[in-house]
Amino acid sequence: MENWTRRKFFLSTLAGSLAASSRRMFGASVPVGEAAFPQVGTQASFKAARPLIVCAANGFQHLNDGMEILKSGGDTLDAVLAVVTKVEDDPNDDSVGYGGLPNEDGVVELDASVMHGPTRRAGAVGSIQKIKNPSLVAKTVMEKTNHVFIVGSGAEKFAVDEGFTTMDLLTDRSRIAWLAWKASSSENWRPGLDSPEWKEKLAQLLDTPEKMAWREHIEDVVMHPQTGTINCLAVDAKGDISGTTTTSGLSWKIAGRVGDSPIIGAGLCVDNDIGAAGSTGRGEENIKISGGHTIVEMMRKGMSPTDACLEALHRVARNYKPFPERLKQFHIQFYALNKNGEYGAGSLWGMHPGGRRVQFAVHDGAKARLVPCTPLFDKEGGDY
Ligand code: GLY
């Protein structure tokens, strides 16, 4: 079979499985559209607690670090940064910081934002390269400049001038995943995943037993481009609130693509009078509905954090009313807490591909827990 024909076969197989998944999702008897959506206004949020930290599930094991800061009277922004910088430093989290999956050119580009409720300030960086803690650069933008958002080479220069050290953010695993993605998707880097030679190609890339252990993961990220990210929100005993969101963004993105994470009002929104909200998942969908701002404004009108997250998800889903089956192609989650310490999270889909439940992490002062997000559709989704 000619190369281009194999490529078409690969894509048409993928398209076929997408169509089949969307049929499974909506089924024959479930009407597509508003009627299929859960009703907003009925979902209770969790019991109030202060101090409290809420974050995406990938921050779970670091919540104690943030809670210790809050319990000792520390600042809410320091608490959320204590959680997310550990994830940025972790080479095995390939959606954030060091080890994040790169853009289509093999370059890791990071986005991050912070908001400090008590002083009503914000800072953000977008498409920054070579700096493993963009959340700390965002905090420095907030503290040392009268700007809010610095991007690209300007953000890197700013960080270096402020004493941040540069490094190669591509790990061996993320570099091999990128090479495997190129092999699967480019006319010039064949054979692809669909080809008889695919096994050989992957064997060439995974040439030690240690690398062979990455095989399942690499095939997964090649087939399902990641929009992992971590959002973390905290309210202290006095009711002061801060938040941060940090990410390596959509894997294999076009160089310079910026998602929702550094956009104040989308990937993060904090109002010290009301509460805070943030997001993980496909940033393009969040940007279109200003999700963080929407959720805070819904809470201002009296909605619970969970209902406010579901309202944002309704708006995401509404944008696909003419072709709802396309919702199946992505995941998006929203997280929120209010000034009283009530909290909640909503996800477009109840489960990740393969059936694992979509969860978020919370520390209510007693202990850290993983809790299911309230889904808009309690089905398996994100079948990209
Ligand atoms: N939510 C992260 C991104 O889309 O970049």
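In this text the structure is predicted, and so the values were computed from the model without any measurement. For ligands, and for the atoms within them, numbers begin at 1 and follow the listed sequence. In this chain, residues are counted from 1 in sequence order.
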In ligand 1, the atoms that come under 4.0 Å of a heavy atom of Gly249 are 5 (O)
Exercise. Could you tell me whether Asp273 and Arg300 have a side-chain N and a carboxylate O separated by less than 4.0 Å?
Key: no
Closest to atom 1 (N) of ligand 1 (heavy atoms only, candidates Gly259, Ser261, Gly281) is Gly281
Shortest non-hydrogen pair, Ile332 vs Arg282, comes out as CD1-O, 3.6 Å
Here the atoms of ligand 1 under 4.0 Å from any heavy atom belonging to Asp260 are 1 (N), 2 (C), 3 (C), 4 (O)
Inset, instruction - Give a yes/no on ligand 1: does Arg257 have at least one heavy atom closer than 4.0 angstrom to it? - result: yes
Using a 4.5 Å cut-off on heavy atoms from C-beta on, say whether the side chain of Trp214 contacts that of Asp172. yes
*Modelled atom types, side-chain donor and acceptor of Ser279 and Gln333, under 3.5 Å*: no
Any N/O pair Ser279/ligand 1 closer than 3.5 Å
no
Numbered in order shown, the ligand 1 atoms found under 4.0 Å of a heavy atom of Thr229 are 1 (N), 2 (C)
Exercise for review: Find out whether the Lys NZ or Arg CZ of Lys328 is both under 6.0 angstrom from the six-membered ring centre of Trp349 and within 45° of the ring's axis.
Suggested key: yes
